Number of protein chains: 2
Amino acid sequence: MNIKILAEQLNLSISTVSRALRDSYEISEPTKARVRAMAKQLNYRINPYASSLRRHRSKTIAVLIPEITNNFFSQVINGIEYIAQEKNYHILIYITHEDVRKEIEFAHHLHNGRVDGVLMSVSAETNNYDHLNELMESGVPIVFFDRICESIETSSIITDDFESGFAATEHLFQCGCRRIGFFGLFEHLSISRKRYEGYLAALKKYGINKDDDLIVRSGNDIAANEAAITKVLTSANKPDGAFASIEKMAIASYNVCKRLDIDIPSQLKLISFSNLEISTLLNPSLTTITQPAYEIGKQAAMQLFRYLEKKLYMNRHEKIVLKSSLIPRQSTKKTHSA
Amino acid sequence: MNIKILAEQLNLSISTVSRALRDSYEISEPTKARVRAMAKQLNYRINPYASSLRRHRSKTIAVLIPEITNNFFSQVINGIEYIAQEKNYHILIYITHEDVRKEIEFAHHLHNGRVDGVLMSVSAETNNYDHLNELMESGVPIVFFDRICESIETSSIITDDFESGFAATEHLFQCGCRRIGFFGLFEHLSISRKRYEGYLAALKKYGINKDDDLIVRSGNDIAANEAAITKVLTSANKPDGAFASIEKMAIASYNVCKRLDIDIPSQLKLISFSNLEISTLLNPSLTTITQPAYEIGKQAAMQLFRYLEKKLYMNRHEKIVLKSSLIPRQSTKKTHSA
DNA sequence: CTGTTAGCGCATTCAG
DNA sequence: CTGAATGCGCTAACAG
């Protein structure tokens, strides 16, 4: 089944049929109707590979993320999918598992025209962005979300990381904490650095000195993370509050507290970044900061389509900053920066 | 940049280069090395669309799921991705949002050769499978997982739904419950029916009569689900235990209990299907049944590749049944059917 | 072991 | 408004 057979059945030329199918203005309405009817009857579908080969565009975008079993990223995908469906685009998923080598491999692969554009959040290990620069230079637009790459000149969607880091720390202070731990990712990630800077700013505002013994940086190894947290929580100068700036560390902290029989919140106040919608529901003693993940996905996809539709040229770029919400343990929702 | 330019640079014919790139046995090692070196130097990549057009295969599979912001499905995708990466395949994601019309639209679309095979879980609304039968007949193999379609003759990966439904209900009985509610999906879904049958069998074993007033079927509307659960939990003959056979209903039950100030587990014992790894961690009063989602994804993908690699013909099919785990509120893990 | 040739199915010039 | 002809980039007979 191909366009040739369809054209023969209709006693029309291939080109006429092709134009009719793409609803070209050059074709009369009756002809279009005939073509559509016959196409339907014969169950004809345009071959996407032939079409893409000819048109040099794939109607496909790639989504590159560090992990998928994470409510934040799956909500983002949901948002992306909403826009992609609207635009009749297809979504290819690539998961790096926080492995730079995989990220590089995917980036290199995508030079081949398989996708028209890329939406991504960089892996925690990544600190050299050559592979992404090359991809951009080869004409594939990239839009970053959340874990962005500041040295690459392109659009990105982020949340108010500094402000929410500040708000989280301030919240702990207002709950009476004076020794506040920070559990986060490596500082070369922009989100980590900014949340950390917010944390530092809040400490400063309330006249608390930073104590490096209360800082834990997450690696990929969960056991190692838990060991590092355990060390902090069992030290002589242990914290009375902690800010887990990524969900992975929140879960690790929770595990450690359980093992050490430390009660949250009476012995340790914990506040964490989390998009696990039901976490506060299941355990109201957790205070969380939630990012508008679905909206982030939508905005990122919309921005990418601006590039694809040439409404925005690749040498122009925009940073879009969305607001996170702080959900205190009373479960009353409020936007911290509203 | 294309294979022609590459061939010219090498003073070789296009076909020799093409063969060298695919590591054909017909090409000498030195030539292959030269080709690879030049390809690397010139940053050449095979155009996947030209290749797919010519070879009539896309090296791409589609994953069709009802929702993605759900730990079960995202873990499944993780498993699928693991196998796909091993096989150098690409993954297109389609989310039906439990909408049959979207499912039909996707299925029709995929007749066009965009993918070599499909992995899917049917939407809750689906009760006519023509669109899937047509897709199979057009030569695209489908492997179902979890929400399978029993009337289509193809392979599928499921869990021991009857047994886990039985175990869940028995667990409630052993905890002292005598009026046990069942909160599930529509019965036309095989997983729902089997879990329900397990529930009924357990009631029978312990001489408890089924009470239709304790049965709630979930729709897509969360508010309506919560209203139905509220009605049951506030009736004169309210249950002392409940089995939520899908996570959505577990969350709804939890919400309702909170609103009604019903304590779990002292006033209502709740057991639920859930792949939210940290749910028992966050709230040890929940007993959960966890499906091996990652393994389901891997098995499903492996089975699909058996079709794609012609190790299994499409008229042959296998049902693979994996075991779920019952995690009681003590958090001691055990496989209920081990 | 390598080259020549003929399409895969479609979109788009260009010519009417 | 429609048709003929060309080629997107690659693979696979077939031929040597």
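As the structure is a computational prediction, the values presented were derived from the model and not from experiment. Throughout, protein chains are lettered first and strands after them, A, B, ... in sequence-line order, and every chain is numbered starting at 1.
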Among residues 16-32 of chain A, which contact DNA chain D at a heavy-atom distance under 4.0 Å? A:Thr16, A:Arg19, A:Glu26, A:Ile27, A:Ser28, A:Thr31

Please state how far atom CG in B:Leu10 lies from atom C1' in C:dT2, giving the value in whole angstrom units. 13 Å

What is the distance from CZ of A:Arg54 to P of C:dT12, rounded to the nearest Å? 6 Å

Interatomic distance, B:Leu53 CG vs D:dT11 P [rounded to whole Å]: 11 Å

I'd like to know if the side chain of B:Asn78 reaches the main chain of B:Tyr294, judged simply by a donor and an acceptor atom lying under 3.5 Å from each other, with no hydrogens or angles considered. no

Between atom CD in A:Glu8 and atom P in D:dA4, what is the gap in whole Å? 12 Å

Within this structure, what is the OG1-CD1 distance for the pair B:Thr159 and B:Ile191, rounded to the nearest 0.5 Å? 7.5 Å

Gap between atoms NE2 and C1', on A:His56 and C:dA11 respectively (whole Å): 10 Å

Atom CZ of A:Arg55 and atom P of C:dA11 are separated, to the nearest Å, by 7 Å

Ignoring the backbone of A:Tyr44, work out which of C:dG3, C:dC8, C:dC10 is nearest its side chain. C:dC10

Spacing of A:Lys59 atom NZ relative to C:dA11 atom C1', expressed in whole Å: 15 Å

Return no unless some side-chain N or O of B:Asn47 is found under 4.0 Å from OP1 or OP2 of D:dG9. no

Which part of the nucleic acid does B:Arg57 contact within heavy-atom distance under 4.0 Å: base, sugar-phosphate only, or nothing? nothing

Ionic contact status for B:Glu153 with B:Arg316, cut-off 4.0 Å: no

Less than 4.0 angstrom from a charged side-chain N to a carboxylate O is my criterion; do A:Lys319 and A:Glu150 meet it? no

What contact category does A:Ile14 fall into here, base, sugar-phosphate, or nothing, at under 4.0 angstrom with non-hydrogen atoms? nothing

May I ask you to check whether B:His90 and A:His109 place their ring centers less than 6.0 Å from one another? yes

Is A:Asp116 salt-bridged to A:Lys59, cutoff N-O under 4.0 Å? no

Is B:Ser51 near enough to D:dC10 that one of its side-chain N or O atoms lies under 4.0 angstrom from OP1 or OP2? no

In Å, rounded to the nearest 0.5 Å, how long is the span from CD1 of A:Ile3 to CD of A:Glu8? 11.5 Å

For the side chain of A:Ser15, counting heavy atoms from C-beta on, which of D:dG9, D:dT11, D:dA5 is nearest? D:dA5

Atom CD1 of B:Ile46 and atom C1' of D:dT11 are separated, to the nearest Å, by 10 Å

